[in-house]
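Structure first, commentary second.
The shown structure was predicted, so the numbers you read here are calculated from the model rather than taken from an experiment. Throughout, protein chains are lettered first and strands after them, A, B, ... in sequence-line order, and every chain is numbered starting at 1.
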Amino acid sequence: MYDMKKLAGLVKELEDQLVVCMRCGMCQAVCPVFAETGREADVARGKLALLEGLAQEMFQDPEGVNDRLGRCLLCGSCAANCPSGVNVMDIFLKARAILTGYMGLHPLKKAIFRGMLARPEFFDRLMEWGSKLQGIFVKPVDDLLGTSCARFVSPLLDRHFKALAPVPFHKSNGRVNTPSGASGLRVGFFVGCVIDKVFPWVGEAVLRVMEHHGVGVVIPKDWGCCGIPALSSGDSQTFNRLVRHNARRFLSARVDYIVTACATCTSTIRKLWPTLAEDLSAEEWEQVKGIAEKTLDVGQFLVDILHLGGQEKESAREGVGVTYHDPCHLKKSLGIAAQPREVIKANPSAVLREMAEPDRCCGCGGSFNLQHYDISAAIGRRKRDDIARTGCSVVATGCPACMLQISDMLSQAGDRVQVKHFIEIYAESLA
Amino acid sequence: MIQKALIREFENVLGKDGVFLNEADRLTYSYDAAVLPPVVPAVVLRPTSRETLGKTVRLCYENGLPLTVRGAGTNLSGGTIPLPGGAVILTNGLDKILEINEGDLYAVVEPGVVTARFAAAVEAKGLFYPPDPGSQAVSTLGGNVAENAGGLRGLRYGVTRDYVMALEFFDSAGEPIKTGARTVKCVTGYNLGGLLVGSEGTLGVFSEITLKLIPAPAARKAMMAVFDDVNKASESVSSIIANRIVPVTLEFMDNFTIRAVEDFSHAGLPTDAAALLLVEVDGHPAQVEEDAAKVESICRRLGAMKIRVAQDAQEREKVWAARRAALSALSRLKPTVVLEDATVPRSRIPEMMRAVEEIGRKFRLTIGTFGHAGDGNLHPTILTDRRDKEEWHRVEQAIDVIFEKALAMGGTLSGEHGIGIAKSRYLQQETTRGTILYSKRIKEALDPKNILNPGKIIGVPSVEQAA
Ligand SMILES: Cc1cc2nc3c(=O)[nH]c(=O)nc-3n(C[C@H](O)[C@H](O)[C@H](O)COP(=O)(O)OP(=O)(O)OC[C@H]3O[C@@H](n4cnc5c(N)ncnc54)[C@H](O)[C@@H]3O)c2cc1C
Ligand code: SF4
Ligand code: SF4
């Protein structure tokens, strides 16, 4: 049995943050998981009440609480809409770490996070093998979307998952180091795992755009995962290692900014590295903070720093209809919504047409998708319907995780809609 | 503990997914938006059809299991805090809009439909459902009817009660009852709807609600008047109405709230103002222009320092964004927010404002006041930390005095947030002992086993105990 007193003590550390919740219930309006299930334990108010229940020793079921905390996309919709300003994300991530530290990490996750993620070269090699072998397991179903159906009966049966790219980005672009051109700027490019292994062409598009704008790019060797998969599973040990690993590499790159094309990486680096990385020396913490402040979404970099866009009236245009999905980690976490749209409009043949509720979560939520596929897919289908109703032939977004989920949903519905990163759309217009 | 056999019966009716037994799940139905201690129910039941809702109530009745119906759990008076060992019945699985009738101007809904979703569906047809509680993005229509919820438009358009045309509900034995009709006129039988609206789940469980709709107004205009004196603001309120203008909305904000909102949202509010009035008029375009001009001149005459009339939809949106931010802005200042709801005749608002200020001083508490000035329904909002026992004691004392003052001015304990368990002990102060007995007899007659949300509104069940 668990020592409940001790656990209560740990959870009590969150108390100052927990009492901020006034139980008004307004988060029910925006939680995508609650919209599907109608269960209070799935919405922020319920989860916060459960944590308070543990802290007050009202009941003794840390596993039950942990399971329910896991039924969450970490999309931040609740936090963005909370009248009381409850720091929901911070509480949830800390609580996951406390509960996991207390009950132990699931052995499979331990193998993945500690054995693979925390050791970037090993992880890369394993995924390469994966990409070579997957031809045996998956068959192409939809060339346009590039998603695959599992060939054999497997737990992944109804999923149309994106195949791993045959050559990951880090293979084709090992260590990059180009001088600053006309802009006089040099940026570090934090590629991120999903772009590297599934959408390397998004990484290529970033390089092309930077070259066009005369921006030098540095990609350090052996960059690693941003750490969010580990952190959201409560594995702060692996998270800390990854923060330190990456910080060191980007620090020595001496760049003006760090850009990413992954909303989740940007949000993790900016908001979670400085607040949730532990065991850093004072000096290291300063460095991490410095890196976090310098890290920008690629759209934000182009628009806010290089002043791309804003020049032309769009209504007069004819061209390819593009609709844009706001990743939660850009809009709700960082307030970035206008810039990606500007980047899309910078392609003269793109006509931006908004879908209903463009900032509604697509339902991916990282490992949530794997653990609660039915809920994730139900949320995703709403997004698919909103996309389909626009009649656009392209849907753009700013996070490769959303790209995975949206590809899956469109492909299952048999839609002929291409899924792209907004940077690809702009890159296409640069001859 | 509930008998295994009964659980199996619930599962037969609702499916395994509709019966929550796990402790962690039950714990999340132990509270609502009131600042009160939680009580964990023994079981939580989630019917998804009107038929299974009725069967669920009947099973509770047959087994003497107390039940508390829960919509979105946003009420501010403890109305959905269950009895220990009791059941919670969720209505959010009953969320169908059954009909919107544009010819006869009514709509029929299930009780779990979310207010804002309904209002939007109605608006899409060019019609209007006015009651708009601050919680409308999540609150259910069943909860609105059971609390007789108000909102920002009460002054001109009334409250939920004014829109309930007919009700279908289950009595405590699960027997279906019907009252009212889809017609404007109906005198068939007792006006049971009148009794059921605002009954907080103590007299029946709504299964189907017929609501009145009205045509949407053609034009609207909003404005903000700035005052250096609370009295001038409240005189303006009385004078506007005395001049036969009935604005849709006539909202008030005190200096503390103004500063909190400004700190929070940087909306450009005048932080040195003693009070703000936010006014909206609607109707035919010509009438709207005329009313707006009159309101403006009245406010000026009574000493408004400044008046800002919204020129377009965007400016109008700004005015209301400031008002909507009030609760958020206040609640960020301290961990616990007690949103009071005592209401006075509108001519007594200046007096009530002074009383609240004095109470804040006397009990050394931070109180921000905003609310529906046009309805005399202010929300003195006490900012505190419920973990601080000594201060919490002072909060309770302050609330007692607020009620005393409101009643002394001919007001009422609660304008719109309900009695629940938070205010039931004050009920006799406002009414009479006989009133409580009368209410208890009704309750005993209609709910002989006392299983419908026991303990709410009228407190303890038996007639003897009240004597
Ligand atoms: C931020 C905030 C702002 C608010 N603003 C306002 C406001 O402006 N005006 C206002 O009037 N209120 C306001 N409220 C209070 C509250 O939202 C309303 O009372 C609302 O009507 C409650 O709806 P609900 O669905 O949450 O009901 P619940 O809280 O779930 O239930 C309320 C009561 O209704 C009963 N009930 C629910 N469904 C049924 C049913 N089908 N049959 C029988 N009984 C039922 C319950 O047993 C309970 O007693 C506010 C609350 C919050 C948190
Ligand atoms: S909206 Fe915020 S304060 Fe309200 S219940 Fe949800 S988390 Fe708590
Ligand atoms: S983070 Fe998203 S999924 Fe999780 S509780 Fe908040 S709104 Fe719901």
Tell me, side chain or backbone of [X] under 4.5 Å from chain A's heavy atoms, or both, or neither?
X	answer
B:Arg386	side chain
B:Arg70	side chain
B:Asp25	both
B:Asn75	neither
B:Arg387	side chain
B:Val40	side chain

For [X], is it the side chain, the backbone, both, or neither that has a heavy atom closer than 4.5 Å to a heavy atom of chain B?
X	answer
A:Gln56	neither
A:Cys82	backbone
A:Val20	backbone
A:Asp67	neither

Is it true that a side-chain atom of A:Gln28 and a backbone atom of B:Ala72 form a donor plus acceptor pair closer than 3.5 Å?
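It does hold such a pair.
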A:Cys24 SG to B:Asp32 CG distance, which is reported to the nearest 0.5 Å:
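Spacing of SG (A:Cys24) from CG (B:Asp32) equals 12.0 Å.
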Nearest 0.5 Å please: distance from the CD atom of A:Glu40 over to the CZ atom of B:Arg26.
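It comes to 15.0 Å.
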Presence of salt bridge, A:Arg39 and B:Asp17, under 4.0 angstrom:
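Salt bridge absent between B:Asp17 and A:Arg39.
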Report the C-alpha distance between A:Phe34 and B:Val138 in whole Å, list the side-chain angles of each, state the deciding distance to 0.1 Å, and finish with yes or no for side chain to side chain contact (heavy atoms under 4.5 Å, CB included).
CA-CA 11 Å; A:Phe34 179 78; B:Val138 298; over 6 Å; no
Selection from B:Leu327, B:Thr336, B:Thr74, B:Asn22 maximising heavy-atom pairs under 4.5 Å formed with chain A
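If we count pairs closer than 4.5 Å to chain A, B:Asn22 comes out on top.
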Options A:Val30, A:Asp61, A:Leu50, A:Leu18, ranked by heavy-atom pairs under 4.5 Å with chain B, top entry:
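Most pairs with chain B among the choices: A:Leu50.
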